[in-house]
Amino acid sequence: MQVLKYLFVSVILIGVSSFRPIENEKVNWLTFEEAIALHEKEPKKLLIDLYTDWCGWCKVMDRNTYSQADIASYINENFYPVKFNAEQKEPVEFRGHTFEFVAQGRRGVHELAAALTRNKLSYPTTVFMDEELRIIQPIAGYLKPEQMEPILLFIGGDHFKTTPFEDFKKNHKSSL
């Protein structure tokens with residue numbers, strides 16, 4: 001009986017000592033310039049999170065969607081993730097053009113943000129670019145994790161090239 005008790009305690013101690021909490025993976029955000037530099041060495045799709053400092057839904061999306069370990073992991077593996085402040089003052093060089101901040105109204109907008117959204121500014125907006133740095137799709141608005149997941153898989157897996165999104169979604173089984 002004593003041996004069984006010792007064995008039971010040993011198994012419990014080994015199990016507890018080998019337990020490590022799963023760390024939440026985070027999105028490894030890059031600047032636009034860093035992503036382009038990495039892209040030049042190894043082409044990969046870009047996911048660009050257009051935000052502003054005052055945007056409440058942008059903060060909610062950071063907290064609820066981009067903080068999901070599965071989503072962060074998929075983004076890090078399949079995209080160069082870019083965090084871009086649509087009101088940043090610093091110019092950005094891209095494809096031989098200098099995009100600058102344009103003051104207008106109380107705030108203003110960066111020309112690159114306007115170009116990426118096809119002049120349909122809304123925050124947050126998630127912009128996807130392909131390996132040729134062409135815009136695949138800007139998606140305006142807050143995306144919950146269960147909304148973001150099929151979009152990531154659709155674009156990250158190149159399904160957008162052959163399948164309408166609604167058809168893809170019908171066959172998609174969420175892992176969240």
Side-chain angles (χ1 to χ4, degrees), residues 24-41 43-76 78-156 159-161 164-166 168-169 176:
N24 279 347
E25 183 160 352
K26 293 182 168 65
V27 177
N28 299 322
W29 295 112
L30 304 165
T31 66
F32 188 78
E33 296 86 348
E34 290 169 336
I36 297 302
L38 288 169
H39 179 274
E40 288 173 1
K41 294 177 185 168
K44 200 175 190 181
K45 292 177 189 73
L46 272 66
L47 176 151
I48 304 168
D49 176 36
L50 287 176
Y51 75 98
T52 63
D53 291 333
W54 52 265
C55 170
W57 285 108
C58 299
K59 292 171 179 58
V60 174
M61 196 158 158
D62 284 341
R63 186 174 58 245
N64 294 345
T65 303
Y66 291 126
S67 67
Q68 291 284 322
D70 290 347
I71 287 177
S73 176
Y74 190 84
I75 290 171
N76 290 334
N78 295 281
F79 299 91
Y80 290 125
V82 174
K83 191 74 123 157
F84 190 83
N85 185 342
E87 296 177 343
Q88 82 172 35
K89 305 288 191 274
E90 299 80 20
V92 173
E93 294 281 335
F94 180 56
R95 293 205 160 151
H97 180 76
T98 302
F99 293 88
E100 298 189 24
F101 176 78
V102 177
Q104 60 187 37
R106 291 187 359 227
R107 292 193 174 95
V109 66
H110 200 282
E111 291 173 323
L112 183 59
L116 291 170
T117 61
R118 301 177 176 138
N119 289 315
K120 294 180 182 172
L121 295 163
S122 176
Y123 310 111
T125 293
T126 308
V127 180
F128 293 93
M129 296 179 84
D130 67 14
E131 293 86 351
E132 304 296 319
L133 298 176
R134 295 177 301 228
I135 296 171
I136 298 170
Q137 183 71 47
I139 301 172
Y142 167 70
L143 296 169
K144 296 176 185 174
E146 57 272 15
Q147 293 170 308
M148 177 64 93
E149 181 194 42
I151 295 168
L152 291 173
L153 297 173
F154 180 69
I155 293 174
H159 301 284
F160 71 96
K161 294 177 180 178
F165 183 62
E166 290 306 316
F168 177 81
K169 267 180 44 174
L176 297 178

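Computed from heavy atoms alone, side chains included, the values below leave out hydrogens, waters and symmetry copies. No experiment lies behind these values; they were computed from the predicted model shown.
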Interatomic spacing from CZ in F79 to CG in L46 - rounded to 0.5 Å: 9.5 Å
Ring geometry between F84 and F32 (parallel below 30°, tilted from 30 to 60°, perpendicular above 60°): perpendicular
Interatomic distance, I48 atom CD1 to I135 atom CD1 [nearest 0.5 angstrom]: 7.5 Å
Min side-chain heavy-atom separation L153-H159 under 4.5 Å: no
Test item: S73 side-chain N/O and A69 main-chain N/O as donor-acceptor pair under 3.5 Å: no
Any donor-acceptor pair under 3.5 Å from T117 side chain to A114 backbone: yes
D49 CG to M61 CE distance, which is reported to the nearest 0.5 Å: 6.0 Å
Polar side-chain atom of N64 near backbone of K144 as donor-acceptor pair, under 3.5 Å: no
Contact summary for T52 and K59, nearest pair of heavy atoms: O-NZ, 4.4 Å
Qualifying side-chain hydrogen bond (donor to acceptor under 3.5 Å, both in side chains) pairs with a residue from residues 105-116, counting only residues at least two apart or across chains: none
Pairwise side-chain hydrogen bond (donor to acceptor under 3.5 Å, both in side chains) hits with a residue in residues 87-96, at least two apart: W54-E87, E93-T98
Ring pair (Phe, Tyr, Trp, His ring centres under 6.0 Å) partners of H39, counting only residues at least two apart: none
Gap between atom CG of L112 and atom CG of L50 - 0.5 Å precision: 7.5 Å
Results of ring pair (Phe, Tyr, Trp, His ring centres under 6.0 Å) for Y66 - residues two or more places apart only: W29
Please tabulate, one pair per line, all N/O donor-acceptor pairs under 3.5 Å involving side-chain atoms of residues 123-130, not counting sequence neighbours.
unit_1	atom_1	unit_2	atom_2	d
T125	OG1	S122	O	2.4
D130	OD1	E132	N	2.8
D130	OD1	L133	N	3.1
D130	OD1	R134	N	2.9
D130	OD2	R134	NE	3.0
D130	OD2	R134	NH2	2.9

Straight-line distance of E25 CD to I71 CD1, nearest 0.5 Å: 12.0 Å
Residues in side-chain contact (heavy atoms from CB on, under 4.5 Å) contact with E33, at least two apart in sequence or another chain: T31, V92
Mutual orientation of the aromatic rings belonging to F99 and H97 [parallel < 30°, tilted 30-60°, perpendicular > 60°]: perpendicular
K45 and E131: CA distance, side-chain angles, deciding distance, salt bridge (Lys or Arg N to Asp or Glu O under 4.0 Å) verdict: CA-CA 5 Å; K45 292 177 189 73; E131 293 86 351; 2.9 Å; yes
Side-chain donor or acceptor of K169 paired with backbone N/O of P164 under 3.5 Å: no
Side-chain donor or acceptor of N28 paired with backbone N/O of N76 under 3.5 Å: no
Gap between atom CG of L152 and atom CD1 of I155 - 0.5 Å precision: 7.5 Å
